[in-house]
Number of protein chains: 2
Amino acid sequence: MDTTIDSLKKLLQERDLRATPIRLEFLELLRLNTPSAVTLSVIQEACHNTDRVTLYRTIQTFLDKGIIHKAHQSKEEVYYALCNSNCSTKAHFHDHLHFKCSSCSQVTCQHLNKEIKFLLPSFQINKVEIHIEGVCNRCNTTT
Amino acid sequence: MDTTIDSLKKLLQERDLRATPIRLEFLELLRLNTPSAVTLSVIQEACHNTDRVTLYRTIQTFLDKGIIHKAHQSKEEVYYALCNSNCSTKAHFHDHLHFKCSSCSQVTCQHLNKEIKFLLPSFQINKVEIHIEGVCNRCNTTT
DNA sequence: TTTTAAATGCAACTTTGTTGCATTTATTGT
DNA sequence: ACAATAAATGCAACAAAGTTGCATTTAAAA
Ligand SMILES: [Mn+2]
Ligand SMILES: [Mn+2]
Ligand SMILES: [Zn+2]
Ligand SMILES: [Zn+2]
């Protein structure tokens, strides 16, 4: 039997990281919010008895190891979400965009079904980030 | 005869803003860097005898009045660039993407020739921001 | 159980951004 | 050209956000 906690433990150990209670709580929070991304301030509220510094370091570690990625990065707040299994210590691979709903203010990862082509002659494209703002399907249909 | 300074003065007065030396220096800096965007830290260096607070307030004013816009907004640094004449006190209108070159580290505004369609059924799209990283045409051709 | 490197907590610090208020200055009208 | 005035600026004090060094604790391996 493989509980969700066990799978998170495995995820950490695969990346040579220790499965500490703080890290598991952090990841469980992100997992529960899938497909919505979570801000640092929400993480801080949830982990209120954890030192700020530890959370900063945890985020940095998870980014480096390809466990989480930044979704809808703005100057005000950064949203974090779990990566899929494509990402590793080596590199991140995401073929999705980030949608911020101005109604429910949720940031979600949305899969890109068709590949998007940009006409930039003699440019080399390495990374594409797409942020869209509007009203999400839930808020739009639930009139 | 219409010097560039005069045109900048006119731009400010059209938006009910006073043409102060600081504001003209600020806009001249952005104009000289076109089509590259400029970070706050670069602005601060250029206007080293201007108070930080004034620069923060100048940026906010220019954003509100549709004179500048944020290009390649990240948590670390925000890049600012002049708006085209479409933008006003009412709203910003941009149909271009922002390209960050990992070689020369310049952020440039690139026009979108063809409109990009996203397949997001029952979503309402209000704003689209596209950030691309890679190697720009100048760096790519100058091998 | 013991060992040990990794992870955490704490304190001090830096950097970045904000607010209130006094002073200065660009613009308008005389 | 000068005076009046509202806008813009500078300064000080503050608040928020992020960083660093180091001592202590703990997960994982022996
Ligand atoms: Mn995502
Ligand atoms: Mn732009
Ligand atoms: Zn919504
Ligand atoms: Zn370049």
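Residue numbering restarts at 1 for every chain, and letters A, B, ... go by the order of the sequence lines.
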Within this structure, what is the [atom1]-to-[atom2] distance between [X] and [N], rounded to whole angstrom?
X       : N      : atom1 : atom2 : answer
A/Asp16 : C/dA7  : CG    : P     : 10 Å
B/Leu8  : C/dA26 : CG    : P     : 16 Å
A/Arg52 : C/dA7  : CZ    : P     : 21 Å
B/Leu55 : D/dC11 : CG    : P     : 13 Å
A/Glu25 : C/dT8  : CD    : P     : 11 Å
A/Gln60 : D/dG18 : CD    : P     : 12 Å
B/Asp51 : C/dC21 : CG    : P     : 17 Å
A/Leu24 : C/dA7  : CG    : P     : 13 Å

### Message
Mind checking if A/Thr50 touches a base, just sugar-phosphate, or nothing, with heavy atoms under 4.0 Å?
### Response
sugar-phosphate

### Touch class at under 4.0 angstrom, heavy-atom based, for A/Arg23 against every strand present
sugar-phosphate

### Task
Report the C-alpha distance between A/Gln110 and A/Thr108 in whole Å, list the side-chain angles of each, state the deciding distance to 0.1 Å, and finish with yes or no for side chain to side chain donor-acceptor pair (under 3.5 Å).
CA-CA 6 Å; A/Gln110 301 288 338; A/Thr108 49; 3.0 Å; yes

### Query
Run the side-chain contact (heavy atoms from CB on, under 4.5 Å) check on A/Leu12 and A/Leu27 step by step: do they pass?
CA-CA 10 Å; A/Leu12 287 167; A/Leu27 292 178; 3.9 Å; yes

### 5'-most by nearest nucleotide on DNA chain D - B/Arg57 or A/Gln44
B/Arg57

Name the atoms and distances for all side-chain donor-acceptor pairs under 3.5 Å in residues 98-107 of chain A, with sequence neighbours left out.
from	atom 1	to	atom 2	distance (Å)
A/His98	NE2	A/His69	NE2	3.4
A/His98	NE2	A/His96	NE2	3.2
A/Lys100	NZ	A/Tyr79	OH	3.3
A/Ser102	OG	A/Gly134	O	2.9
A/Gln106	OE1	A/Ser36	OG	2.6

### Query
For the ring pair B/Phe123 and B/Phe118, is the centre-to-centre distance below 6.0 Å?
no

### Query
Quick one: which of A/Ile67, A/Thr58, A/Thr54 gives a side-chain contact (heavy atoms from CB on, under 4.5 Å) with A/Phe26?
A/Thr58

### Query
For DNA chain D, what are the stems built from at least three Watson-Crick or G-U pairs in a row, each pair having both distances below 3.5 Å?
C:1-30 with D:1-30

### Message
Return a single string for nucleotides 24-30 of chain D, one symbol per nucleotide in 5' to 3' order, where B is base contact, S is sugar-phosphate-only contact and - is none, cutoff 4.0 angstrom on heavy atoms.
### Response
--BBS--

### Query
Can B/Lys70 and A/Glu76 be said to form a salt bridge (Lys or Arg N to Asp or Glu O under 4.0 Å), step by step?
CA-CA 13 Å; B/Lys70 294 180 183 177; A/Glu76 298 80 40; 3.7 Å; yes

### Task
Look at the rings of B/His131 and A/His131 and say which category their plane angle falls in: under 30° parallel, 30 to 60° tilted, over 60° perpendicular.
perpendicular

#### Entry: Nearest-nucleotide pick for B/Ile22, side chain only, options being D/dG18, C/dG9, D/dG10
D/dG10

### Task
Could you check if a side-chain atom of A/Leu40 sits within less than 4.5 angstrom of a side-chain atom of A/Tyr56, using non-hydrogen atoms only?
yes

### Query
When you look at B/Glu25 and B/Arg23, which way does the salt bridge (Lys or Arg N to Asp or Glu O under 4.0 Å) test go after all the steps?
CA-CA 5 Å; B/Glu25 186 187 6; B/Arg23 284 175 176 169; over 6 Å; no

